[in-house]
Amino acid sequence: IKFLLFKNIEEISKRAKEVKLISIASGSAQGVIETLSFFKKKEILVNSIFIDLDPTALEYSKELAQKAGVENQITFINKTATFISEIGREFKPNIIEMVGFLEYRPREKAIKLINSIYKVLEKNGILITSQIAPNLEMFFLKEVINWPMIYRKPKELAKILSLAGFLYKDCSFYWEPLKIHFVVECKKL
């Protein structure tokens with residue numbers, strides 16, 4: 001995720017005065033905060049909005065942002081992910097990062113959310129998201145820990161992304177080494 005954030009922020013900063021990033025279901029947003037800190041030192045402005053329904057996650061990310069010296073670049077919003085439709089129209093993001101959230105969105109809700117993301121992304125904007133794939137730990141998580149998640153293969157997520165507006169040819173899929181999660185980078189052309 002950080003690699004894709006670095007790459008895309010660097011590319012966008014070459015053609016724009018500032019980079020605008022939204023993190024949906026941001027959680028601690030540690031990787032995003034570390035990325036913002038890196039670019040602040042390079043004097044590249046990345047204005048950000050973190051959206052999360054959990055106020056404790058937002059408080060924790062505020063603390064991390066203060067320690068990293070980037071709290072003035074972030075607006076923290078305690079709302080659901082669907083708030084992207086409203087805030088995105090005004091903010092006009094270049095990058096939307098949503099990691100670890102599609103695992104909890106059924107197919108139709110995932111399509112609707114990603115379509116909302118697609119609509120608010122600026123031209124040449126980037127969606128960076130992730131998905132857990134079917135794997136050996138599924139049974140343990142569901143039956144022992146009672147942690148139900150939605151597992152998808154890359155083909156399934158590709159279909160959702162295309163139904164939401166992204167073209168398959170404009171999306172890149174990356175596996176992490178254990179092949180439990182994959183990351184997707186989609187460009188809106």
Side-chain angles (χ1 to χ4, degrees), residues 1-27 29-53 58 61 65 68 70-102 105 109-131 154 157-174 182-189:
I1 300 298
K2 281 174 60 175
F3 168 78
L4 294 174
L5 287 171
F6 272 74
K7 177 185 86 149
N8 287 293
I9 290 170
E10 210 157 61
E11 285 176 15
I12 293 165
S13 70
K14 291 176 185 171
R15 65 178 188 268
K17 187 169 75 173
E18 69 175 335
V19 179
K20 293 181 177 183
L21 180 146
I22 296 178
S23 179
I24 299 174
S26 58
Q30 184 173 343
V32 177
I33 290 167
E34 290 168 0
T35 303
L36 296 178
S37 178
F38 173 84
F39 281 104
K40 183 177 181 179
K41 291 172 188 158
K42 289 182 75 172
E43 297 182 7
I44 294 173
L45 180 60
V46 184
N47 280 324
S48 304
I49 295 176
F50 290 5
I51 302 170
D52 202 298
L53 189 56
L58 289 173
S61 61
V70 295
E71 71 277 5
N72 62 339
Q73 293 175 236
I74 305 168
T75 301
F76 299 88
I77 298 178
N78 182 217
K79 298 263 186 187
T80 65
T82 58
F83 190 65
I84 187 64
S85 293
E86 187 176 327
I87 196 70
R89 276 193 308 272
E90 297 168 29
F91 187 68
K92 299 181 175 157
N94 310 103
I95 300 172
I96 296 180
E97 178 263 3
M98 181 175 63
V99 174
F101 189 62
L102 290 176
R105 307 301 289 175
K109 286 186 175 186
I111 292 168
K112 188 175 180 181
L113 177 60
I114 295 169
N115 181 255
S116 296
I117 289 168
Y118 183 83
K119 287 178 180 174
V120 301
L121 262 178
E122 286 289 281
K123 186 177 180 191
N124 295 314
I126 302 293
L127 167 64
I128 299 170
T129 192
S130 68
Q131 178 66 56
L157 186 56
K159 182 70 173 171
I160 289 170
L161 290 163
S162 68
L163 290 169
F166 288 98
L167 298 177
Y168 179 75
K169 69 178 184 63
D170 298 326
C171 296
S172 300
F173 291 73
Y174 306 93
F182 57 94
V183 176
V184 185
E185 170 190 42
C186 291
K187 189 171 196 170
K188 177 182 176 180
L189 296 176

Considering non-hydrogen atoms only, spot the tightest contact between [X] and [Y] and give its length.
X	Y	result
S61	F76	OG-CE2, 3.4 Å
E71	A65	OE1-O, 3.3 Å
G100	S130	N-OG, 2.9 Å
P154	F173	O-CE2, 3.7 Å
S26	F50	OG-CB, 3.5 Å

Value rounded to 0.5 Å, distance of [atom1] in [X] from [atom2] in [Y]:
X	Y	atom1	atom2	answer
N8	I95	CG	CD1	5.0 Å
K119	K188	NZ	NZ	10.0 Å
L36	I9	CG	CD1	6.0 Å
C186	L161	SG	CG	4.5 Å
F91	I84	CZ	CD1	9.0 Å

[X] vs [Y] side-chain heavy atoms within contact, under 4.5 Å:
X	Y	result
I77	I87	yes
V46	T35	no
N94	E11	no
E10	K42	yes
I96	I126	no
L5	L21	yes

For this session: From the options L113, I128, V184, select the one residue that forms a side chain to side chain contact (heavy atoms under 4.5 Å, CB included) with M98.
Result: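 The passing option is L113.
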Exercise. Which one of I1, L4, L127 satisfies the side chain to side chain contact (heavy atoms under 4.5 Å, CB included) criterion with E185?
Worked result: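 For E185, the side chain to side chain contact (heavy atoms under 4.5 Å, CB included) check succeeds only for L4.
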Between [X] and [Y], is there a donor-acceptor pair closer than 3.5 Å when you use the side chain of the first and the backbone of the second?
X	Y	value
K187	D170	no
N78	D52	yes
E97	S23	no
S37	I33	no
T75	I49	no

Exercise. Quick one: which of E18, Q73, K20 gives a side-chain hydrogen bond (donor to acceptor under 3.5 Å, both in side chains) with N47?
Worked result: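 For N47, the side-chain hydrogen bond (donor to acceptor under 3.5 Å, both in side chains) test succeeds with only one of E18, Q73, K20, which is E18.
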Exercise. Step by step, would you call T129 with I117 a side-chain contact (heavy atoms from CB on, under 4.5 Å)?
Worked result: CA-CA 11 Å; T129 192; I117 289 168; over 6 Å; no
Problem set entry | Enclosure of F3 CZ (heavy-atom neighbours >12, cutoff 6.0 Å) |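 For F3, atom CZ is not crowded (no more than 12 foreign heavy atoms under 6.0 Å).
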Problem set entry | K7 atom NZ: more than 12 heavy-atom contacts under 6.0 Å |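 More than 12 within 6.0 Å, yes.
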Problem set entry | Worked check of side-chain contact (heavy atoms from CB on, under 4.5 Å) between I160 and I114 | CA-CA 8 Å; I160 289 170; I114 295 169; 3.8 Å; yes
Exercise. Could you go step by step and tell me if I22 and V120 meet the side-chain contact (heavy atoms from CB on, under 4.5 Å) rule?
Worked result: CA-CA 11 Å; I22 296 178; V120 301; 5.7 Å; no
Exercise. Should the ring pair F39 and F6 be called parallel, tilted or perpendicular, given that the plane angle runs from 0 to 90° and is split at 30 and 60?
Worked result: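 Tilted.
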